[in-house]
Amino acid sequence: MTIWELAGAISYPLVEALLESSILWAGFVGLSYILPKKWLADKFAIISSASAWLLCFWAILLQSEYVEFEHVLEWGPKQFLFGFLLVIIAVIDLNLLIHRIKSLEDRIKRLTQAFAILAYCYVLFDILGLVIILVRNM
Amino acid sequence: MSLKLTRHDFLKLASFLSLISLPHAKGIINALSSIQSTQQKNILVFVFDALSARHMSLYGYARNTTPNLTRFAEQAFVYHSHHSGGNFTTPGVASLLTGVYPWSHRAIHTLGTTLDSYRDRNIFSIYPIDRFRFAYTHNPLAEMLLQQYYLNIDLFKRIREFALDDPQYSDRLFPSDYNVSYWSEQLILRNGGIRSSSLFGSILYRILHLLTLRKFQNFYGPQFPLGIPYVAIRAANLDEIYFLLEDAVNWLIDELPRVQKPFFGYFHIIPPHSPYFPRKDFIGKFHDNFRIISKPPSPFSDGKLDEELNNSCIRYDEYLAYADAEFGRLYDAIAHDDNLGNSIIVVTADHGELFERGIQGHTTPALYEPIIHIPLLISIPQQSRRQDIYSNTSCVDLLPTLAKLTNQPIPNWTEGQVLPGFTEDPTQVERNIFSVEAKSSPKFGALNKVSVALIKGNYKLIYYRGYPFTPAPELYDLANDPEEVDDLAIKEPSIVSDLQQEIEKQLRSTNSL
């Protein structure tokens with residue numbers, strides 16, 4: 001594999017991650033218009049970041065070696081509904097805790113700010129990846 | 001290019017011949033006759049994946065697994081001691097296609113490719129552009145190699161064209177960057193459980209994929225009660241590609257009469273490669289008293305019990321019989337088509353399969369005969385009888401042989417020789433035949449962790465190097481002990497030493513490149 005091919009192989013996952021993050025972000029933006037302001041819009045950065053982390057945790061758990069994914073497909077509608085509710089309840093619970101516990105809100109805020117620096121770098125790499133993909137496919 | 005002579009052409013040629021001397025005229029006639037009789041021949045190379053010669057009734061196996069190949073062999077050269085270049089698809093196919101051993105082409109890893117220099121040094125490139133060249137394989141590893149040679153292939157059918165499901169997106173979204181985007185797609189969506197780079201997309205993909213599978217099972221289940229045939233490269237975390245062998249064979253039957261002549265076709269089916277899912281009518285065909293010979297466990301044993309191996313062996317044999325029946329259908333179609341009478345048909349395999357010594361499969365460093373002893377049958381036009389050839393031969397010999405049969409110059413880079421039956425070369429008898437497994441060595445570095453089988457005369461040495469528990473070399477007398485039960489390494493140290501030196505010499509020369 002040449003350096004240029006390697007750059008391409010890294011760029012595709014980066015851009016896919018950007019796309020996935022954007023879809024998630026767009027979902028929270030959409031929710032912020034639907035839900036009462038004080039639930040989400042007032043603390044958008046904190047609530048959406050915390051919710052995204054929790055969703056990521058669930059996704060990693062579902063992909064982990066501890067979950068036989070093939071068994072998930074054997075689930076019926078009830079199990080699916082239960083799993084979906086479990087995720088929603090966890091997200092709502094977290095948000096309730098953020099609203100009620102000031103120290104938790106502050107910690108997540110600090111964490112969000114710390115991650116923001118990484119996010120800037122990440123976006124920069126994503127854009128670079130996007131350019132590489134465009135050039136490779138021209 | 002058609003070289004048919006009309007009566008008018010012949011008269012003109014005759015008048016021309018009268019002007020020149022007789023020896024020259026003879027030369028021209030010979031050349032023309034040679035062009036008509038050899039250069040215009042079509043060639044079809046039909047490859048079975050993981051087909052061990054040791055499991056073919058054609059070569060004396062107890063079960064009647066290959067009645068159609070036996071029928072085909074009645075009008076073919078049958079090679080009884082033919083060996084693959086490696087123990088799995090990548091090195092095996094690469095050696096077949098390039099005519100060199102794995103230490104030269106370096107396609108030694110799962111999803112590996114040959115060195116760039118072989119893009120123009122392969123079985124497709126030896127033919128002039130007026131020969132129509134087409135290729136198809138069920139196997140993604142072989143497809144990676146064919147992809148490398150696509151500039152020399154006129155029609156390259158992709159696996160997905162005959163796949164029941166089409167789970168790939170990269171070549172539709174990024175057709176100009178197929179290879180790299182395909183690698184990335186694997187990483188993003190299908191890199192197995194915890195390592196997929198996409199958190200949410202991969203889950204969605206897996207749900208959709210498994211729902212599709214459920215749909216197939218409902219539809220094709222009655223025809224394939226053990227499971228729908230698929231190819232999966234677990235080591236590379238490739239998803240299953242489901243297919244019906246009949247679809248690919250039907251395509252070839254339809255295409256051969258239509259395709260531009262002369263042609264060179266490479267057609268590679270995945271059966272009888274695992275998982276073994278024979279069609280309903282072949283299940284239960286071999287529920288008999290035959291049992292594999294119990295042998296001492298290999299140093300690389302996976303701990304499989306003989307009973308387990310016997311059961312897998314039955315399924316493999318059933319799957320092989322199914323593949324053989326499909327080949328029979330193709331053979332009948334070719335035999336009944338007058339336009340295809342002028343065709344050389346080659347049947348072979350990329351590697352074999354092992355059911356003994358605690359090992360099932362072929363991805364093992366242990367290079368016992370069932371893994372590397374593969375079939376080779378070559379039928380030339382108008383051949384009316386079978387010719388059995390017992391000399392040791394290698395898959396690297398196919399390229400120079402086909403070059404000779406079609407009057408092409410034999411490339412100087414090939415490590416193979418023209419096969420016995422098509423040459424009188426006496427050096428064939430004592431030549432070295434190698435099979436190499438070097439998956440754990442680097443592509444561009446020295447092959448330090450490697451297994452090499454060297455077959456010379458009656459003897460075979462299996463030599464291991466660089467493993468944490470490097471086993472001692474094993475020596476077998478294949479003429480008197482074809483089952484490789486009696487290891488002669490201790491009894492015959494001088495033979496071991498001689499053969500080991502030949503392997504070391506070969507490794508030194510390739511490692512110093």
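The chains referred to below are lettered A, B, ... by the order of the sequence lines, with proteins before strands, and numbering in each begins at 1.
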Just wondering, more than 12 heavy atoms not from A/K109 lying within 6.0 Å of its NZ? no
As a quick check of understanding, evaluate side chain to side chain contact (heavy atoms under 4.5 Å, CB included) for A/I133 and B/F174, giving each step before the final call. CA-CA 9 Å; A/I133 289 174; B/F174 308 103; 4.0 Å; yes
Residue B/Y169 excluded, over 12 heavy atoms near OH under 6.0 Å: yes
Could you walk me through whether A/E20 and B/S198 satisfy the side chain to side chain donor-acceptor pair (under 3.5 Å) test, starting with their C-alpha distance in whole Å, then the side-chain angles of each, then the deciding distance to 0.1 Å, before giving a yes or no? CA-CA 8 Å; A/E20 206 167 70; B/S198 164; 2.5 Å; yes
Does atom CZ of A/R107 have more than 12 heavy-atom neighbours, drawn from other residues, nucleotides or ligands, at distances under 6.0 Å? no
Based on non-hydrogen pairs under 4.5 Å, which of A/G8, A/S11, A/P13 is most in contact with chain B? A/P13
Do other residues, nucleotides or ligands put more than 12 heavy atoms under 6.0 Å from A/W39 CH2? no
From B/D177 CG over to A/Y12 OH, what is the distance, rounded to the nearest 0.5 angstrom? 3.5 Å
Hey, is CZ on A/F125 packed in by over 12 heavy atoms from elsewhere, all under 6.0 Å? no
Nearest 0.5 angstrom please: A/E5 CD to B/W183 CH2, how far? 11.0 Å
Would you name the heavy atoms of B/S176 and A/N137 that are closest together and state the gap between them? OG-O, 3.8 Å
Please check: side-chain N/O of B/S184 versus main-chain N/O of A/A9, any donor-acceptor pairing under 3.5 Å? yes
Check whether more than 12 heavy atoms from other residues, nucleotides or ligands sit under 6.0 Å from atom OH of B/Y150, and answer yes or no. no
Contacting moiety of A/L19, where chain B heavy atoms sit under 4.5 Å: neither
Does CH2 in A/W25 sit with more than 12 non-hydrogen atoms of other residues, nucleotides or ligands closer than 6.0 Å? no
At what distance, to the nearest 0.5 angstrom, does CG of A/L55 lie from CZ of B/F200? 5.0 Å
